[in-house]
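Note that ligands are numbered from 1 as they come in the structure, with each ligand's atoms numbered from 1 the same way. In this text, all values refer to a predicted model and were calculated from it rather than measured experimentally.
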Amino acid sequence: MAKLLIIGCGGVAQVAISKCCQNSDVFQEIMIASRTVSKCDAMKEKLQNKTKTVIKTAQIDADDVEALTKLIKDYAPDAVLNVALPYQDLTIMDACLAAGVDYIDTANYEPEDTDDPEWRKIYEKRCKDLGFSAYFDYSWQWAYEDKFKNAGLTALLGTGFDPGVTSVFAAYAKKHYFDEIHTIDILDCNGGDHGYPFATNFNPEINLREVSAPGSYMENGKWVEIPAMSIKREYDFDGVGKKDMYLLHHEEIEALGRNMPEVKRIRFFMTFGQSYLTHMNCLENVGMLSTTPINFNGQEIVPIQFLKALLPDPASLGPRTVGKTNIGCIFTGIKDGKERSIYIYNVCDHQECYKEVGSQAISYTTGVPAMIGSMMVVTGQWKQPGVFTTDEFDPDPYMEALNKWGLPWQVVENPVLVD
Ligand code: NDP
């Protein structure tokens, strides 16, 4: 039925590619295009005899809009799935517009060079106007609304697990369980153990930037910012047990805050072990998380990129990670005049994911929704001109697909709330 161009071939992409190949009825053909073409060829080699999906590969630098536009025009896919890095979001959106093709991604735009004076001017104004200081935000991609609308094209932003599935859970809760939602707490628990004192479960640069930034949440339509890791709670997660979790800034708060303005408070918590936090604090204190280039022995290096080269590749954690993840949302509000609270979540087992597709659960829980979001767009179920997040469409077919494609969810009434 459809042809999908997948950009990137890292941890998340490899799961999305494997899932597209399991879903050959929808994805008749895919092209894997990335910076390092040998990774794309290795994926093709691994999968081509086990699937009906026809796989092609190509080398591409997705920062090069002209070359990417040509590749899209030559291959003529129904949509482009961006599972490269958030740095490429805008160039890939530009190429999709130039080639007249729908766009899908899993993370909102942030610049690679946060010292770029032009970007910094806009960023500093946004920090002042809105009150949160994370490097990533939706304004850059929401600014493409008219361009996509006028071109009759769909851009689906952030179809990973969080953001992505968590926002679909919110739309589902709103549709089926509440007349009014008052609070949303998004809880992301990774109870997995990879045996290293310190490693990140997805791209280290993106992960450490996110986690070391100040936390923030939305209350009555306004951002409240707090020092990094300064709000801590303990929660007993189904399938995992008790874990410490910390309030972080996260992108779906921004989209849900805009699209569900009636919600009075939206927070995001993620679990971290003590070893992770101690290492991160130490690395931050010595300047290793900095994105500002320094000169070392006549060579310019960016500390966080050098650190990335030293850390284990997240794609290599699969065989050694054991335990489960539990990611979901607790909603409180009113139904038929009565107070109600529900918890919708998925539990995913690292080793089960590894057995199925050769990846740990963090890549799996992102790559499966990336395939599902792409399926929603190419089958026309979620196709509308403009730029959208996953809370803006009918959640039912997506929720059904989660059950079918490896991320079953459950709804619990009256869960323990987070204070
Ligand atoms: P990886 O670093 O493992 O993979 C990134 C891939 O993109 C690599 O194959 C890399 O190529 C390729 N790439 C980077 N720059 C370019 C470029 N200029 N042109 C072409 N290809 C390029 O990252 P992950 O797989 O961990 O993460 C992928 C995305 O998923 C990120 O945007 C991340 O933020 C997002 N994510 C979203 C989550 C969610 O729940 N919503 C959760 C986790 C991640 P090379 O092989 O040469 O390095």
Side-chain angles (χ1 to χ4, degrees), residues 5-18 31-43 57-65 67-68 71 80-92 95 104-112 134-136 138 141 156-169 186 188 190 199-211 248 250-252 255 268 270 304-305 308-309 311-318 325 327-328 346 348 357 359-373 389-390 407:
L5 173 62
I6 300 171
I7 303 183
C9 196
V12 172
Q14 290 181 19
V15 176
I17 293 161
S18 301
M31 176 182 272
I32 315 166
S34 191
R35 188 168 53 187
T36 310
V37 74
S38 55
K39 290 190 192 171
C40 311
D41 292 336
M43 273 310 277
T57 62
Q59 197 282 329
I60 191 70
D61 175 0
D63 294 323
D64 182 343
V65 177
L68 182 56
L71 181 75
V80 172
L81 169 63
N82 166 16
V83 263
L85 295 177
Y87 309 149
Q88 279 80 48
D89 286 5
L90 303 185
T91 52
I92 300 178
I104 299 136
D105 72 24
T106 66
N108 70 9
Y109 174 69
E110 69 180 270
E112 186 160 12
Y135 287 148
F136 52 90
Y138 276 114
Q141 291 179 278
L156 177 63
L157 308 184
T159 177
F161 206 107
D162 44 338
V165 175
T166 48
S167 297
V168 177
F169 285 171
I186 303 157
D188 179 333
N190 180 9
T200 65
N201 293 298
F202 67 96
N203 184 287
E205 201 178 325
I206 305 295
N207 180 247
L208 289 165
R209 275 190 187 198
E210 173 179 294
V211 173
L248 295 188
H250 221 249
E251 58 204 74
E252 60 268 60
F268 180 96
M270 191 178 270
I304 197 167
Q305 286 176 0
K308 179 181 178 223
L311 289 175
D313 177 357
S316 71
L317 299 178
T325 61
I327 319 176
N346 159 263
C348 194
V357 295
S359 301
Q360 32 81 354
I362 305 300
S363 301
Y364 190 90
T365 53
T366 311
V368 172
M371 180 281 282
I372 293 174
T389 44
T390 56
L407 294 175

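Near I206, meaning under 4.0 Å from any of its heavy atoms, are these atoms of ligand 1: 34 (O). Close approach of ligand 1 to D61 is summarised as follows: ligand atoms under 4.0 Å from at least one heavy atom of the residue are 17 (C), 18 (N), 19 (N). Against a heavy-atom cut-off of under 4.0 Å, K39 is close to the following atoms of ligand 1: 45 (P), 46 (O), 48 (O). Under a 4.0 Å criterion applied to the non-hydrogen atoms of G11, ligand 1 contributes the atoms 3 (O), 25 (O). Listed by number with element, the atoms of ligand 1 under 4.0 angstrom from any heavy atom of G160 are 39 (C), 40 (O), 41 (N).
Checked by distance only, ligand 1 and G10 come closer than 3.5 Å through their nitrogen or oxygen atoms. Checked against a 3.5 angstrom limit, the closest N/O atoms of I362 and ligand 1 fall outside it. The distance criterion of under 3.5 Å between nitrogen or oxygen atoms is not met by A107 with respect to ligand 1. For ligand 1, the polar-atom distance check finds an N/O of P163 within less than 3.5 Å of one of the ligand's N/O atoms.
The distance from atom CD1 of I60 to atom CD1 of I7, rounded to the nearest 0.5 Å, is 7.0 Å. Here the CG atom belonging to N346 is positioned 11.5 Å from the OG1 atom belonging to T166, to the nearest 0.5 angstrom. Atom CG of L317 sits about 7.5 Å away from atom OG1 of T200, to the nearest 0.5 Å.
The closest donor-acceptor contact from the side chain of E251 to the backbone of N108 lies under 3.5 Å. Proximity of a side-chain donor or acceptor of Q360 to a complementary backbone N or O of S363 within less than 3.5 Å is detected. Using modelled atom types, no side-chain atom of T325 and backbone atom of N190 make a donor-acceptor pair closer than 3.5 Å. Q141 places a side-chain N or O within donor-acceptor distance of the main-chain N or O of Y109, the cut-off being under 3.5 Å.
The protein heavy atom nearest to atom 31 (C) of ligand 1 is A84 O, 3.3 Å. Scanning the protein heavy atoms around atom 42 (C) of ligand 1, the nearest turns out to be T366 OG1, 3.1 Å. The shortest contact between atom 17 (C) of ligand 1 and any protein heavy atom is with A62 N, 3.7 Å. What sits closest to atom 30 (O) of ligand 1 on the protein, heavy atoms only, is T106 OG1, 3.2 Å. At the shortest separation from atom 20 (C) of ligand 1 among protein heavy atoms lies I60 O, 3.3 Å. R35 NH2, 2.8 Å is the protein heavy atom nearest to atom 48 (O) of ligand 1. Of all protein heavy atoms, the one closest to atom 24 (P) of ligand 1 is V12 CG2, 3.9 Å. The protein non-hydrogen atom at the shortest distance from atom 47 (O) of ligand 1 is T36 OG1, 2.4 Å.
Remark: distances from the non-hydrogen atoms of G158 to ligand 1 are all 4.0 Å or more. Judged by the shortest distance from any of its heavy atoms, S34 lies inside the 4.0 Å radius around the atoms of ligand 1. In this structure, C9 is part of the shell of residues with a heavy atom less than 4.0 angstrom from ligand 1. Residue contacts with ligand 1 include P86, since one or more of its heavy atoms lies under 4.0 Å from the ligand.
Relative ring orientation between F169 and F161 is described as perpendicular, the plane-to-plane angle rising above 60° on a 0-90° scale split at 30° and 60°.
Nearest heavy atom pair, residue M43 against residue C9, reads CG-SG, 3.7 Å. Minimum interatomic distance between T390 and G164 (heavy atoms only, all atoms of both residues): OG1-O, 2.8 Å. V83 and V12 make their closest contact through CG1-CG1, 3.7 Å (heavy atoms, listed as atom of the first residue, atom of the second, distance).
Every residue two or more places apart in sequence or in another chain that forms a side-chain contact (heavy atoms from CB on, under 4.5 Å) with Q88 is listed here: A62, D63, A84, L85, T91, I92.
At a heavy-atom distance under 4.0 Å, only backbone atoms of V83 (N, CA, C or O) approach ligand 1.
Screening E205, E112, E110 for a side chain to side chain donor-acceptor pair (under 3.5 Å) involving Y87 leaves a single residue, E205.
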